[in-house]
**Q** 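Quick one: this structure, given as C-alpha cells, is what I'll be asking you about.
Every value quoted in this text rests on a predicted model; they were computed, and no experiment measured them. Starting from 1, each residue takes its place in the sequence as its number.
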Amino acid sequence: MLSDHTLSVVNAWRSWTIEWTDVENAVPGYHGLAIYRRNGWPVTATAIQKSNWAVWTKTHTESDRLAREINKRAASAGRIVSPEKR
C-alpha cells in the first residue's frame, strides 16, 4: 500500500512499513518486487512478481509500473539511487 509518507509491504508471514526517505530503489523480478532500503536490507513484495517470460521478452508488466511509481515517490522524498548504481 502506498501512502503519502510510507510504503507498506504485506506478505504471507510478515509485514513492513517503510518511510519513503528509507527507500533507495525498487526492482521487479521473478521472486517479487525487491525494495532496497538505505540500511542495506531489501524487502521483497512477493505478490508482485514478474515472469521470466516477461523479462526475456522485455514485456512491461504491473510489477514494472509499480516499481516506477515507488521509485518516483522515493525520488520526490529525496532518497533514490539509480538502478545502474545498484
**Q** Measure across A26 and A67 and return the closest heavy-atom pair with its distance rounded to 0.1 Å.
**A** O-CB, 3.8 Å

**Q** Rounded to the nearest 0.5 Å, what's the gap from CZ on R38 to CD1 on I18? Could you check?
**A** 13.0 Å

**Q** Return the set of residues passing side-chain hydrogen bond (donor to acceptor under 3.5 Å, both in side chains) with T59 (not counting sequence neighbours), or none when no residue passes.
**A** T57

**Q** Say you draw a straight line from OG1 of T6 to CH2 of W20; how long is it, rounded to the nearest 0.5 Å?
**A**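 One finds 8.0 Å between OG1 of T6 and CH2 of W20.
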
**Q** Please confirm whether the backbone N or O of W13 pairs with a side-chain atom of N11, one donor and one acceptor, at under 3.5 Å?
**A**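 Pair absent, no side-chain N/O of N11 close to backbone of W13.
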
**Q** Find the distance between CD1 (I48) and CG (L66) and round it off to the nearest 0.5 Å.
**A**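 So the gap between those two atoms works out to 5.5 Å.
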
**Q** For the pair N71 (side chain) and R68 (backbone), establish whether a donor and an acceptor sit closer than 3.5 Å, ignoring hydrogens and angles.
**A**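 Judged by distance alone, no pair lies under 3.5 Å.
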
**Q** Under the salt bridge (Lys or Arg N to Asp or Glu O under 4.0 Å) rule, collect the residues that match up with R65, sequence neighbours excluded.
**A** E62

**Q** Under the criterion side-chain hydrogen bond (donor to acceptor under 3.5 Å, both in side chains), I'd like the reasoning laid out for S63 against T61: C-alpha separation, chi angles, the key distance, then a yes or no.
**A** CA-CA 5 Å; S63 60; T61 63; 2.7 Å; yes

**Q** So does Y30 get a backbone contact from the side chain of N52, meaning a donor-acceptor N/O pair under 3.5 Å?
**A** no

**Q** Please determine whether side chain to side chain contact (heavy atoms under 4.5 Å, CB included) holds for the pair L33 and V27, giving the CA-CA distance in whole Å, both sets of side-chain angles, and the decisive distance to 0.1 Å.
**A** CA-CA 6 Å; L33 184 64; V27 179; 5.9 Å; no

**Q** For a side chain to side chain contact (heavy atoms under 4.5 Å, CB included) check, start with the C-alpha distance between H5 and R73, then their side-chain angles and the critical distance, and finish with the verdict.
**A** CA-CA 9 Å; H5 302 287; R73 289 190 187 208; over 6 Å; no

**Q** Evaluate the criterion side chain to side chain contact (heavy atoms under 4.5 Å, CB included) for residue pair V23 and I70; output intermediate values, then yes/no.
**A** CA-CA 8 Å; V23 176; I70 289 171; 4.1 Å; yes

**Q** Kindly give the heavy-atom pair with the smallest separation between V10 and S15, and that separation in Å.
**A** CG1-OG, 3.6 Å

**Q** To the nearest 0.5 Å, what is the distance between CG on D64 and NZ on K50?
**A** 3.0 Å

**Q** Would you say the side-chain atoms of N25 pair up with the backbone N or O of Y36, donor to acceptor, closer than 3.5 Å?
**A** no

**Q** Show the nearest heavy-atom pair for residues E69 and L2, with the distance to one decimal.
**A** CG-CD1, 3.7 Å

**Q** Output the distance between atom CG (D22) and atom CD1 (I35), rounded to the nearest 0.5 Å.
**A**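 With rounding to 0.5 Å, CG (D22) is 12.0 Å from CD1 (I35).
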
